[in-house]
Visitor: 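Before we start, here is the structure in question, set down as structure tokens.
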Amino acid sequence: MKLERIEEILSTIDRLGVVSVKQLHEILRLGSYRHTCRVVSQLEEYLNVVRSQQKIVYLNKEGRQLIGSEREIKKSVLFDHMLLNNEAYIYYGCPSDWKREYTIEITQEPEFSFGIQIKGMSITKKKTIISDAVFSRDGYIHLVEIDNTRSMQDNRKKIQKYKEMWTEIKSQFGQQPKLCIFTMSEKRKREFLSLCEKLPCDIKSFYEL
DNA sequence: GATAGAGTCAGGGTATTCCT
DNA sequence: AGGAATACCCTGACTCTATC
């Protein structure tokens with residue numbers, strides 16, 4: 001296989017972190033599924049392979065070295081979450097500016113300063129929120145949240161955080177982003193729908209994909 | 001003609017579902 | 001429960017095609 005092609009495929013894997021062969025088949029579009037399997041097995045010297053329900057791969061040291069990636073992936077319980085993240089990536093047509101684990105940091109002016117100004121000290125506070133992924137489409141920013149096994153209580157907290165920060169998020173992106181949420185069941189989808197009432201959002205359950 | 005890329009078919013392995 | 005049937009995933013072997 002040509003080096004260029006190897007690097008291209010390894011970069012794709014690097015960008016997603018962890019990916020199943022089935023997902024690679026949809027992303028790379030190398031022809032038949034059989035052929036994707038073959039390509040992956042040819043690249044195995046650069047990959048760690050995990051067999052659970054299906055074969056999933058991520059870059060090993062050689063692979064990272066070849067494409068100069070600093071991002072080391074360790075085998076973890078987060079794999080399922082990352083694979084679901086990929087499903088969203090595929091659903092949106094593999095956006096070229098897709099970024100995982102995107103940190104949004106904002107500074108908020110305090111609502112009440114009680115008229116006190118302390119010299120040399122800023123009373124603004126910083127807040128961060130990490131989206132599972134961010135991408136743009138037709139010029140619009142999309143923030144992606146993947147709900148796998150998080151408790152609904154945690155989900156409520158996170159959505160609340162988005163609501164609190166939404167004004168600043170808007171001004172940071174210079175536009176109204178869209179919150180895209182993928183969840184595991186219709187029941188949760190309904191809960192998210194009511195939680196996100198006032199946010200521009202797109203909520204889907206994985207069964208719809 | 002050698003090589004790489006790609007398709008088809010068959011079969012093994014394992015998980016899931018079905019049936020008694 | 002436990003064995004049979006089914007479904008799904010992965011791989012090997014063979015073949016064809018394009019390109020150099």
Side-chain angles (χ1 to χ4, degrees), chain A residues 1-101 132-133 135 137 142 144-155 180-193 202-209:
Chain A
M1 216 185 314
K2 277 187 189 165
L3 185 63
E4 198 181 325
R5 195 171 183 223
I6 293 174
E7 287 178 340
E8 199 183 310
I9 296 171
L10 293 185
S11 299
T12 302
I13 298 172
D14 182 51
R15 192 136 66 97
L16 298 173
V18 171
V19 64
S20 73
V21 175
K22 204 175 169 186
Q23 290 172 337
L24 271 180
H25 172 58
E26 296 195 47
I27 295 163
L28 300 171
R29 306 219 159 264
L30 296 172
S32 65
Y33 178 73
R34 174 73 195 98
H35 189 60
T36 308
C37 290
R38 196 155 31 212
V39 169
V40 170
S41 66
Q42 282 170 359
L43 292 176
E44 271 180 22
E45 61 177 304
Y46 302 109
L47 303 172
N48 289 321
V49 177
V50 178
R51 281 191 171 72
S52 53
Q53 284 186 333
Q54 41 178 280
K55 186 171 170 174
I56 61 179
V57 297
Y58 55 105
L59 297 191
N60 63 14
K61 198 175 163 199
E62 269 75 21
R64 288 195 304 277
Q65 256 170 14
L66 189 74
I67 60 166
S69 169
E70 301 287 324
R71 198 165 13 186
E72 184 179 354
I73 301 289
K74 294 211 173 85
K75 193 173 180 179
S76 80
V77 288
L78 295 174
F79 276 13
D80 282 343
H81 186 263
M82 291 162 96
L83 292 175
L84 288 174
N85 211 322
N86 297 345
E87 291 298 323
Y89 173 71
I90 293 165
Y91 173 76
Y92 285 112
C94 309
S96 57
D97 62 350
W98 179 272
K99 289 192 194 69
R100 294 188 298 117
E101 301 289 308
D132 287 329
F135 70 99
R137 191 190 215 185
H142 293 64
V144 182
E145 281 297 326
I146 307 292
D147 165 44
N148 181 16
T149 51
R150 258 198 307 240
S151 73
M152 214 49 214
Q153 195 177 356
D154 285 350
N155 286 329
C180 307
I181 299 174
F182 291 82
T183 186
M184 295 307 286
S185 69
E186 284 298 319
K187 181 171 175 286
R188 285 190 163 211
K189 182 182 166 181
R190 284 193 295 275
E191 285 194 57
F192 273 114
L193 275 170
D202 187 11
I203 301 168
K204 293 225 152 31
S205 76
F206 282 107
Y207 299 100
E208 292 176 68
L209 305 193

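Convention: sequence-line order gives letters A, B, ...; per-chain numbering from 1. Quantities reported herein were computed from a predicted structural model and do not represent experimental measurements.
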Visitor: Rounded to whole angstroms, how far apart are CD on Q42(A) and P on dT11(C)?
Guide: 12 Å
Visitor: State plainly whether the residues E145(A) and R150(A) are in salt-bridge range, i.e. N to O under 4.0 Å.
Guide: yes
Visitor: Regarding E191(A) and K187(A), does a basic nitrogen lie under 4.0 Å from an acidic carboxylate oxygen?
Guide: yes
Visitor: S69(A): which residues meet the side-chain hydrogen bond (donor to acceptor under 3.5 Å, both in side chains) condition with it, sequence neighbours left out?
Guide: D14(A)
Visitor: Rounded to the nearest Å, what distance is computed from the CD1 atom of residue I56(A) to the C1' atom of nucleotide dC9(C)?
Guide: 14 Å
Visitor: Can you list the residues that meet the side-chain hydrogen bond (donor to acceptor under 3.5 Å, both in side chains) rule with K99(A), with sequence neighbours excluded?
Guide: none
Visitor: Mind checking which nucleotides bracket the chain A contacts on DNA chain B, 5' to 3', with an atom under 4.0 Å from a heavy atom?
Guide: dG5(B) to dT16(B)
Visitor: Identify the residue among D147(A), D132(A), I146(A) that makes a side-chain contact (heavy atoms from CB on, under 4.5 Å) with L84(A).
Guide: I146(A)
Visitor: Between K22(A) and dC9(C), is there a contact of a side-chain N or O with OP1 or OP2 at under 4.0 Å?
Guide: yes
Visitor: Output a table of donor-acceptor pairs, distance under 3.5 Å, between side-chain atoms of residues 37-50 of chain A and any protein atom two or more places apart or on a different chain; print 'none' if there are none.
Guide:
residue: S41(A); atom: OG; partner: C37(A); partner atom: O; Å: 3.4
residue: S41(A); atom: OG; partner: R38(A); partner atom: O; Å: 2.9
residue: E44(A); atom: OE2; partner: K55(A); partner atom: NZ; Å: 2.6

Visitor: Using side-chain contact (heavy atoms from CB on, under 4.5 Å) as the criterion, list what pairs up with E8(A), not counting sequence neighbours.
Guide: none
Visitor: Given I27(A), which of I9(A), I90(A), T36(A) fulfils the side-chain contact (heavy atoms from CB on, under 4.5 Å) condition?
Guide: I90(A)
Visitor: Mark up nucleotides 12-20 of chain C, 5' to 3', with B wherever a protein heavy atom is under 4.0 angstrom from a base atom, S wherever such an atom reaches only the sugar-phosphate, and - elsewhere.
Guide: BB-------
Visitor: Could you give the NZ-to-P distance, from K55(A) to dC9(C), as a whole number of Å?
Guide: 14 Å
